[in-house]
Asks: 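Here it is, the structure, as structure tokens.
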Amino acid sequence: MPELPEVETVRRALLSKLKGRQIKEITILHNNVFQDQDVELVKKLIKNQTINDILRRGKWLEFELDDFYLLSHLRMEGKYIYRKLDDPIQKHQLVLFNIDDDFSLRYQDVRKFGKMYLVKKDDINNSPINKLGLEPWDKNLNVLYLKDKYKNKSLPIKTVLLDQEIITGIGNIYADEILFLSKINPFKKAKDLKNKDLQNIIDNTKKVLEKAIEEGGTTIRSYTSEEGVTGNNQNNLYVHQREGKECFVCKTIIKKDRIGGRGTYYCKKCQK
DNA sequence: CAGGTCTCCTGCTAGC
DNA sequence: TGCTAGCAGGAGACCT
């Protein structure tokens, strides 16, 4: 499941192949990808737009075109692959981009959870990314900011870390890792955290995500940044997906519980 | 406003 | 061996 480090890895890979290239046309095989947008209009507007840059906000990719941003969220299983123009369309390939009449960039998504959104550059502040909270490296992310955001949150910190409107980019894997390194029990209410805990969350969020980016992301289930390219960060996980195994720090058996409907892994002894 | 539940979607796996 | 029920989960809709 792509979180910030995986999306960042995909962004870099896409940018190296697509920067300066032109989208001759697109084929949309599954209308729901564009949610409530008029797909005929999207097809018309995107024709002959050049990909000038590819940016990232949280878990969203932003293709910067001439007049628009094409926003793309991979959700659980979304990925981009390259094919020859005449390559047969495979199941799960939902959007096809003809790039310079040279090759076909294909958005593939087994579960069809991923979303795209074509927005005029001027309207970017009126798009899904407008609501996103701070990037982990934003200088405004500090104890005071979190204290304010968490003050009315009675939900478990695990759930609140997944709230994209506070810190953006953290998903289920890295939330578990951040809480382990911060020695915080995932059930603890966000509003009960001490300043020291908040500072630890900030520091460890950056640390965990930076390490994961360095490793090209975490490959659990089906994540690949490019076809045949998998990340290595799964080898660095302290608790996530390690149910029944020993904690690397204290040898206590790692426990798995459900918090807010999400599988949550933690060490009962290290995380108080 | 806060928070709980449902929904989307399909491949995989545990269990019979 | 082959079938099926249940699980996985990011984020938005909808309800209390």
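Note on naming: letters A, B, ... go to the chains in the order of the sequence lines (proteins, then strands), and numbering restarts at 1 for each one. Values in this document were obtained by computation on a predicted structure and should not be read as measured data.
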Asks: Hey, does A:Gly263 reach any base, or is it just sugar-phosphate, or nothing, if we go heavy atoms under 4.0 Å?
Replies: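 Contact class for A:Gly263: sugar-phosphate only.
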Asks: Do the side chains of A:Arg75 and A:Asp109 get close enough for a salt bridge, i.e. N-O under 4.0 angstrom?
Replies: no
Asks: If you compare every side-chain N and O of A:His92 against the phosphate oxygens of B:dG11 (OP1, OP2), does one of them come in below 4.0 Å?
Replies: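 For A:His92, the contact criterion (side-chain N or O under 4.0 Å from OP1 or OP2 of B:dG11) is met.
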Asks: Do A:Arg242's NZ or CZ and the ring of A:Phe180 fall within the cation-pi criteria of under 6.0 Å and 45°?
Replies: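 Negative - A:Arg242 is either too far from the ring of A:Phe180 or too far off its axis.
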Asks: Using a 4.0 Å heavy-atom cut-off, does A:Asp109 contact any base of the nucleic acid, only the sugar-phosphate backbone, or nothing at all?
Replies: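 Result for A:Asp109 = nothing.
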Asks: Between A:Asn130 (CG) and C:dA11 (C1'), how many Å, whole number?
Replies: 16 Å
Asks: Which ILVMFWY residues can you reach from A:Leu55 by hopping between side chains whose heavy atoms are under 4.5 Å apart?
Replies: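 Once heavy-atom contacts under 4.5 Å are chained together, A:Leu55 belongs with A:Trp60, A:Tyr69, A:Leu71, A:Tyr117, A:Val119, A:Ile124, A:Ile129, A:Leu132.
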Asks: Which nucleotide in the list B:dT10, B:dG4, C:dG10 gets nearest to the side chain of A:Val110?
Replies: B:dT10
Asks: When you compare the side chains of A:Asn32 and A:Lys115, does any donor N or O come within less than 3.5 Å of an acceptor on the partner?
Replies: no
Asks: Both A:Lys91 and A:Arg75 contact DNA chain B. Which one's nearest nucleotide lies toward the 5' end?
Replies: A:Arg75
Asks: Counting only side-chain nitrogens and oxygens, does A:Asn152 get under 4.0 Å of the OP1 or OP2 atom of B:dG3?
Replies: no
Asks: When the distance from CD of A:Glu77 to C1' of C:dG10 is rounded to whole Å, what number comes out?
Replies: 12 Å
Asks: Would you call A:Arg12 and A:Glu8 a salt bridge, using N to O less than 4.0 angstrom?
Replies: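 Salt bridge: yes.
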Asks: Does OP1 or OP2 of C:dA11 have a side-chain N or O of A:Lys59 closer than 4.0 Å?
Replies: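 Yes, such a contact exists.
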Asks: Can a side chain N or O of A:Arg262 be found less than 4.0 Å away from OP1 or OP2 on C:dG10?
Replies: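 True: A:Arg262 side-chain N/O within range (under 4.0 Å) of C:dG10 OP1/OP2.
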Asks: Expressed as a whole number of angstroms, how long is the span from A:Arg111:CZ to C:dG9:P?
Replies: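 Rounded to whole Å, this separation is 9 Å.
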Asks: Between A:Lys256 and A:Trp60, just flag the one whose closest nucleotide in DNA chain C comes earlier from the 5' side.
Replies: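 Between the two, 5'-proximity favours A:Lys256.
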Asks: Counting a pair only when it is Watson-Crick or G-U and both distances are under 3.5 Å, which runs of at least 3 such pairs involve DNA chain C?
Replies: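 Detected stem regions: B:2-16 with C:2-16.
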Asks: Strictly below 4.0 Å: does A:Ser154 bring a side-chain N or O up to OP1 or OP2 of B:dG3?
Replies: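 Answer yes for this pair, as a side-chain N or O of A:Ser154 is under 4.0 Å from OP1 or OP2.
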Asks: Assess whether a salt bridge exists between A:Glu135 and A:Arg56, defined as any Lys/Arg side-chain N lying under 4.0 Å from an Asp/Glu carboxylate O.
Replies: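 So A:Glu135 pairs with A:Arg56 through a salt bridge.
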Asks: Considering only NZ, NE, NH1 and NH2 on the basic side and carboxylate oxygens on the acidic side, decide whether A:Lys158 and A:Asp176 come within less than 4.0 Å.
Replies: yes
Asks: Measuring to OP1 and OP2 of C:dA11, would you say a side-chain N or O of A:Gln164 lies under 4.0 angstrom away?
Replies: yes
Asks: Nearest whole Å is fine: how far is B:dC1 P from A:Lys153 NZ?
Replies: 11 Å
Asks: May I have the distance from A:Ile129 (atom CD1) to C:dG10 (atom P), rounded to whole angstrom?
Replies: 20 Å
Asks: Separation of A:Met76 atom CE from C:dG10 atom P, in whole Å?
Replies: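 Answer to the nearest Å: 5 Å.
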Asks: Would you please confirm or rule out a distance under 4.0 Å between OP1 or OP2 of C:dG10 and any side-chain N or O of A:His73?
Replies: no
Asks: Under a 4.0 Å threshold between the charged nitrogen and the carboxylate oxygen, would A:Lys121 count as salt-bridged to A:Glu64?
Replies: yes
Asks: Could you check how far NZ of A:Lys112 sits from C1' of C:dG10, rounded to whole Å?
Replies: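 It is 17 Å, rounded to the nearest whole Å.
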Asks: In whole angstrom, what separates A:Asp163's CG from B:dA2's P?
Replies: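 A:Asp163 atom CG is separated from B:dA2 atom P by 10 Å.
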